[in-house]
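First up is the structure itself, then whatever we jot down about it.
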Amino acid sequence: MLENNLKSSIEKAFETIFSPIGDLPVTVQKTRKDVAGDYTVNVFPFLKISKTNPQETAEKIGKYLVENNENIAKYEVIKGFLNLYIKAEYWLNEFKSSYKNVDFGISSSKPDAAVTMIEYSSPNTNKPLHLGHIRNNLLGYSVAELLKAAGKNVVKVNLVNDRGIHICKSMLAWQKWGNNATPESTGKKGDKLVGDYYVKFDKAYKQEIESLVSSGMEKEKAEKEAPILKEAQTMLRQWEAKDPEIFNLWQTMNGWVYEGFDITYKALGIDFDKIYYESNTYLLGKKIVMEGLEKGVIFKKEDGSVWADLTEDGLDQKLLLRADGTSVYMTQDIGTAQQRFDEYPIEDHIYVVGNEQNYHFQVLKLILKKLGYNWSDSIHHLSYGMVELPEGKMKSREGTVVDADDLIADMIQTARETSQELGKLEGYSEEEKESVYNTIALGALKYFMLKVDPKKGMMFNPKESIDFNGNTGPFIQYTYARIQSLKRKWAKEIEFSFEDSLLNEKEIELIKKVKDFENTIQDAAKAYSPAMIASYVYELAKEFNQFYHDFTILKEENESIKVMRLALSQWIGHTIKNSMKILGIAVPERM
RNA sequence: GGUCUAGUAGCUCAGCUGGAUAGAGCAACAGCCUUCUAAGCUGUAGGUCCCAGGUUCGAGUCCUGGCUGGAUCACCA
């Protein structure tokens, strides 16, 4: 790696000219765009060692580097910044040795290496997926791809929250008002149908509270005493007791939901290596909690409810089992984690879960630690920001959600219209055309969601459709399609050899940019940030489009320059494709 | 109220461990297709980086305090 090579040269330079730099970190950064040069060394931190002014320090180091490092052509000192120029020959060699490599920049993982587990999606089976889930799913899938590209051995898992009081609410409402409605009888997607009953429950519940309050009960009490809620709680106990009728209904309704989810997952192009169900792990969680109780790490209150006391750690007490013995979300998360660490040699376990659950994960890690599990430290909560609408947060009960299926369908329609207007797909069959519309629509949606730093909240305005121009997925896809068009027209192997003097400035710029892919993957993987890949590939595409505009490629008369430019285009094409793959985005041959 | 988190152009967002004159896209305006895909390229305009202190050679970035927004502190998940 060139950066490391430069760093050690610089260290040696200080040692030779001044004195060893010891622990001071040497930073070599890319030179700003508006200044000539390739790499910049900031000498300010070393003035204490050089005991002379920045200008002189930089001059001496620069002189040494040119004499002692074969990659450096010359140097310049501007305002105390030492700018290094790398020989064109170096870039040319990098280019030559990599342009045919379709997996340039991608590290392959060792199958026997320790596992990086990533949990994402984690839907509740009582309502359909919405925009917030889309961010989760895309982020999880992309981070998994990113870590794979960085050489990690990744296992993608989903945890389906298929049991609990919320499921009972939908079930109860269906029992009461469903008239045996099924997805078949209503023509509704299964998850949508079940979601309708969750909403119906909530309406009835609110009405009951209201009437209780108007008959004189305090609101807080009414919320606990509403008969329909009591019924749902009874149902949960029946479920945990495996009451056949309830269990059967539960299986049926969850089955509907899974059929619905599968359609949405497929449309989004995401998948999992393994699916865990809360209904299979909550008992293990209960068992662990009971063991903790025996060890005295966890305590029981008079009413029979079981708690973890975290007040010494500055947190509150946390409920682990209700007084009626049923378990809560935390209980099963403990069991699920234990099961996973038993099943896999996990070195890093990432949970892609919204930042509204920061507290939950703080508590989970702490409880696991108290229970004596050292692997608690391997748990990492990838806490992403909420997607907000102009009116504020989405609320499923108030009908302000952007439905995942609807949004995808809208995007495809927009892509179809735009594409037909431009009319560049002549000669394609209808099926091929639809496939391109789909690719573009999802490219736009995915890129839109992933280009934002995961940690930050993001704004989505349903009234303004997602753009297809500028810093967007389609822009990058379009750049790729242009490159593919060149390759189709050339229709031969791209093979070249020539002298470095033939490279112009823009071409060197592009080589540097492509080379940077390797570093970008590592940095992005460390930060769990697909946004860094998005930003990278956008810049690459933008620079290629400038190049494409300013220079001829196929019409270039000098044969060796022509082939070199084709080779460069091809290399960029690979890199765009690989970058987009990390984002979970496909690239079209034409658009 | 406690804890956590964010505030950068009209809007949506970049700005990595502190480094040179704070960047993109959209929207606006002005240009570029008889030539490899104009979903493109070029230019103009647009800023109190929320405010006030502090740390230092240097702060959008770090610290303290404030203002504003969001999340969370459930026998919900």
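Remember, predicted model here, so these are calculated numbers, not experimental data. In what follows, chains carry the letters A, B, and so on, assigned in the order in which the sequence lines appear, proteins first and then strands, with residues in each chain numbered from 1.
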Quick check on RNA chain B: between Q317(A) and E589(A), whose nearest nucleotide comes earlier from the 5' end?
E589(A)
Using the ring centroid of each side chain, check whether Y277(A) and W250(A) are separated by less than 6.0 Å.
no
Within the structure shown, what part of the strands sits under 4.0 Å from Q357(A) by heavy-atom distance: base, sugar-phosphate, or nothing?
base
In whole Å, what separates the P atom of rA9(B) from that of rG47(B)?
10 Å
Heavy-atom donor-acceptor pair, N355(A) side-chain to rA6(B) base, under 3.5 Å
no
Quick check: on RNA chain B, is the nucleotide nearest K33(A) upstream (toward 5') of the one nearest A541(A), or the reverse? Name the residue that is more 5'.
K33(A)
Step through the shown structure and confirm whether more than 12 heavy atoms of other residues, nucleotides or ligands are within 6.0 Å of NZ on K577(A).
no
Decide if the gap between the ring center of F475(A) and the ring center of F468(A) is smaller than 6.0 angstrom.
no
Distance between C1' atoms of rA22(B) and rG40(B) (Å, rounded)
27 Å
Euclidean distance for P, rU61(B) against rA52(B) (whole angstrom)
13 Å
Between the base of rG25(B) and the side chain of N471(A), is there any donor-acceptor pair under 3.5 Å?
no
Which nucleotide, rC36(B), rG19(B), rU21(B), lies nearest any side-chain atom of I553(A)?
rC36(B)
Would you measure the distance from the P atom in rG60(B) across to the matching atom in rU8(B) and give it in whole Å?
15 Å
Determine the Euclidean distance between corresponding C1' atoms of rA30(B) and rA71(B); express it in Å to zero decimal places.
46 Å
Between atom NZ of K526(A) and atom CG of L146(A), what is the distance when rounded to the nearest 0.5 Å?
11.5 Å
When you compare rG69(B) with rA77(B), how far apart are their C1' atoms, in angstrom units rounded to a whole number?
25 Å
Say you pick atom P in rC49(B) and the same atom in rG10(B); how far apart are they, in whole Å?
12 Å
Write down the distance separating the P atoms in rA59(B) and rA20(B), rounded off to the nearest Å.
11 Å
Quick check: are there more than 12 heavy atoms from other residues, nucleotides or ligands sitting under 6.0 Å from NZ of K455(A)?
no
Just confirming the chi classification of rC33(B), syn or anti, using 90° around 0 as the syn window.
syn
Please determine whether any donor N or O and acceptor N or O are separated by less than 3.5 Å between the side chain of T40(A) and the base of rA20(B).
yes
